[in-house]
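This report concerns only the one structure given below.
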Amino acid sequence: MKAHLLQLLLPVAQSIYPEILANSIQLDRPKSIEHGDFSTNLAMMLAKPLKKNPRELAALIIEKLPASTFVEKVEIAGAGFINFYLNEKARTFIIHEILKNPDAYGQNTSGLDEKGKPQKVQIEFVSANPTGPLHVGHGRGAAIGDSLARLLKFNGWDVTREFYYNDAGAQIDNLTKSVHARCQNIDPSDPVFPEDGYRGEYIVEIANAFLNKSSIKCEGKTVIASGNINDLESIRQFSVASLRHEQDQDLNLFQIKFDVFTLESSLYQNGQIEKVLVSLVKNGFTYEEDHALWLKTTDFGDDKNRVMKKSDGGYTYFISDVAYHLNKWERGFKRVINEQGSDHHSTIMRVRAGLQALKVGIPKTYPEYVLHQMITVMKGGEEVKLSKRAGSYVTLKDLIDEVGCDATRYFLVARKPDSQLIFDIDLAKTQNSDNPVYYIQYAHARIAGVLNQWAGDINKLSNVNLDCLKSSQELILIKRLSEFPEIVLHACIELAPHTVANYLKDCAADFHSYYNDTKFLVENEVEKLARLSLIKATQIILKNGLYLLGVNAPEKM
RNA sequence: CUCCCCAUAGUUCAAUGGAUAGAACAAAUCACUCCUAAGGAUUAGAUCCCUUUUCGAAUAAGGGUGGGGAGGCCA
């Protein structure tokens, strides 16, 4: 509908002001229903270059505007807004479109290339190291990342979900030492316990399982514990496998699936690290100092240079990050989005600098980042700071166990990523209208209830006469439904899934209001079918929207 | 000290540079013989401060104040 109006407007605008660009014409959704369905500020924009009064220009534009079967009237308002009011044909059209292809409604093709092929995009998220259970922060990353993946897919992209983890390095050594200590009944209060060791109770569980020679299945392999306390290599492998396995279980519980797992160690094994190192040296961006090899990231805007190869001969995480992102590029991902906690923001500059120094044509803004801020978990009016098992933080599993997958996902995705989030467990647990998840899901279930009670053939609803839908609740609801495709596109472009969550809350509110005002299952067959069509269309939108958030849409509650 | 994010109603959060800044909770009021009251209707209440750009700013720019995060040869 928006595209239709733009088509009407563009030739008119060009005839008045030939230099105008198609994408510079703004067509907005006015906040107030009195200002119509769409509004353009075109006349105000042209007023300055043409040195004319905006209201006069608006009158001229309207005069030249061709007739449309969907437009009821066009008015000038305020300083020079041109407002479009759609007629009942447009409303009927919208509902029929939704009912015609329910699963696809709201999708668009903005992710396709010129040949109409889906473009590849990779989204990396969670990427937790296997040193402990996933915490709430990972949960926020998981909820946002997965929702972004769904949104991109909905917008025509070919999406790969990827999880990267460090399976070697200093932190894994720490993990190994911690399990080793616990195998010998050394607990964190003991002075010989590793100083930077992991202190959670889960380390004890791993140690016990190791001593019992347990086996763990992880990523298609089975790892068997040797049970030998001095076999540090076995402890390492078993600990990593245990924690990876546990994280996978948590992700399953959270209904999140990854397409690819990449191990940091694989970058060493396949020579990618060495290749990157050679290339950076060859390009002249390195120097030696204090027996370490440094990269001149300051050449690319960093505030200090960074070590790639340590004085002890080992590599830093930084060089593998660069190698990993080169690897993404070489796999054909022209677009990569990294979803991370904002506490890692300092890596952005370094990774991008490293990629620039390779001089292989990678854009300066590669990869894109979505950073989410910290979460405070509240319960009974107090901040919850730690879990029994993990010791120092609240785990994702604790949250899911307590409030359920749907509520957890909704609350973690419903806020703008770059603002801090307060997760109120008591609110997430309530099962009434205080809780937006239940409010939205209940709207969906309520519609299912009405349709069940009607017990008619749903297919009959797809092409009924809708002219009788004229009450204010009906007009408001139809208008809301018609906005869905624009919400989907906007959320995808801005990488902002929370806008979908807000939209759904509004949409559910419009429906509940309608429900209480109007009885659907009435004697008059024409009215009944028209109303059922409208609520069926609403149900489709709610379902598709909830899908984009990774939240289920129940038929019954 | 430097860098990044944030600041909107009593509270938790919205708002593609647009028109009268939206919800929800909390507060006050109303209606259950009615497709699920897990819902609805009504009332009251907010853009941290200063300056600039603009026809027009919560939004952009500059400067403050306050909160969080990052500044390792850790990730």
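Here the structure is a predicted model, which is why all the values come from computation and not from measurement. Chain A is the first sequence line, chain B the second, and so forth, proteins listed ahead of strands; every chain is numbered from 1.
As rounded to the nearest Å, rG68(B) and rU12(B) have P atoms that lie 15 Å from one another. A gap of 35 Å separates the P atoms of rU20(B) and rC4(B), to the nearest Å. Taking atom P in both rC34(B) and rU42(B), one finds a spacing of 24 Å when rounded to whole Å.
Distance from the side chain of A77(A) is smallest to rA19(B) among rC73(B), rA19(B), rC6(B). The side chain of K416(A) lies closest to rA15(B) when the candidates are rA19(B), rC73(B), rA15(B). Residue Q373(A) places its side chain closer to rC5(B) than to any other of rC5(B), rG18(B), rC73(B). Nearest nucleotide to the M45(A) side chain, out of rG68(B), rG18(B), rC6(B): rG18(B). Residue D418(A) places its side chain closer to rC6(B) than to any other of rA41(B), rC6(B), rG69(B). Counting only heavy atoms from C-beta on, M44(A) has its side chain closest to rG18(B) among rC73(B), rG18(B), rA41(B). Here the nucleotide nearest the side chain of H345(A), chosen from rA70(B), rC35(B), rG68(B), is rA70(B). Of the candidates rA37(B), rG68(B), rG40(B), rG40(B) carries the atom nearest the Y439(A) side chain, counting heavy atoms from C-beta on. Of the candidates rC13(B), rC73(B), rA15(B), rC13(B) carries the atom nearest the R415(A) side chain, counting heavy atoms from C-beta on. Closest to the side chain of N41(A), out of rG69(B), rG18(B), rC6(B), is rG18(B).
As judged by a 4.0 angstrom heavy-atom cut-off over every strand, A414(A) is placed among residues making no nucleic acid contact. Within the nucleic acid shown, I422(A) comes within 4.0 Å of sugar-phosphate atoms alone, with no base atom in reach, counting heavy atoms only. If you check every strand for non-hydrogen atoms under 4.0 Å, H512(A) touches sugar and phosphate atoms only.
Taking only side-chain nitrogens and oxygens, T430(A) never comes nearer than 4.0 Å to OP1 or OP2 of rA38(B). Close to rC55(B), at under 4.0 Å from its OP1 or OP2, lies a side-chain N or O of K48(A). Listed pair R306(A) / rG72(B) fails the phosphate criterion, with no side-chain N or O lying under 4.0 Å from OP1 or OP2. Remark: K31(A) is in phosphate contact with rA19(B), judged by side-chain N or O atoms under 4.0 Å from OP1 or OP2. Proximity of Y515(A) to the phosphate of rA41(B): no side-chain N or O atom is located under 4.0 Å from OP1 or OP2. Taking only side-chain nitrogens and oxygens, Y503(A) never comes nearer than 4.0 Å to OP1 or OP2 of rA15(B). Distances shorter than 4.0 Å separate none of the side-chain N or O atoms of S346(A) from OP1 or OP2 on rG72(B). Side-chain nitrogen and oxygen atoms of K304(A) include at least one within less than 4.0 Å of the OP1 or OP2 phosphate oxygen of rG72(B).
Checked against the 6.0 Å centroid criterion, the rings of H512(A) and Y439(A) qualify as a close aromatic pair.
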* Check step by step if side-chain contact (heavy atoms from CB on, under 4.5 Å) holds for H325(A) and N338(A). => CA-CA 10 Å; H325(A) 284 88; N338(A) 288 358; 2.9 Å; yes
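Across residues 472-498 of chain A, H490(A), H498(A) each have a non-hydrogen atom less than 4.0 Å from an atom of RNA chain B (numbered order).
For the strand RNA chain B, secondary-structure stems (runs of at least three Watson-Crick or G-U pairs, all distances below 3.5 Å) span B:1-7 with B:65-71, B:10-13 with B:22-25, B:27-30 with B:40-43, B:48-52 with B:60-64.
Residues N41(A) and M45(A) meet the side-chain proximity criterion, which asks for heavy atoms closer than 4.5 Å. Here the side chains of R306(A) and T316(A) are not in contact, with every heavy-atom distance at 4.5 Å or above.
Within a 6.0 Å sphere centred on CD of E383(A), heavy atoms belonging to other residues, nucleotides or ligands number more than 12.
Residues A181(A) and P194(A) approach most closely at CB-CD, 3.8 Å, considering heavy atoms.
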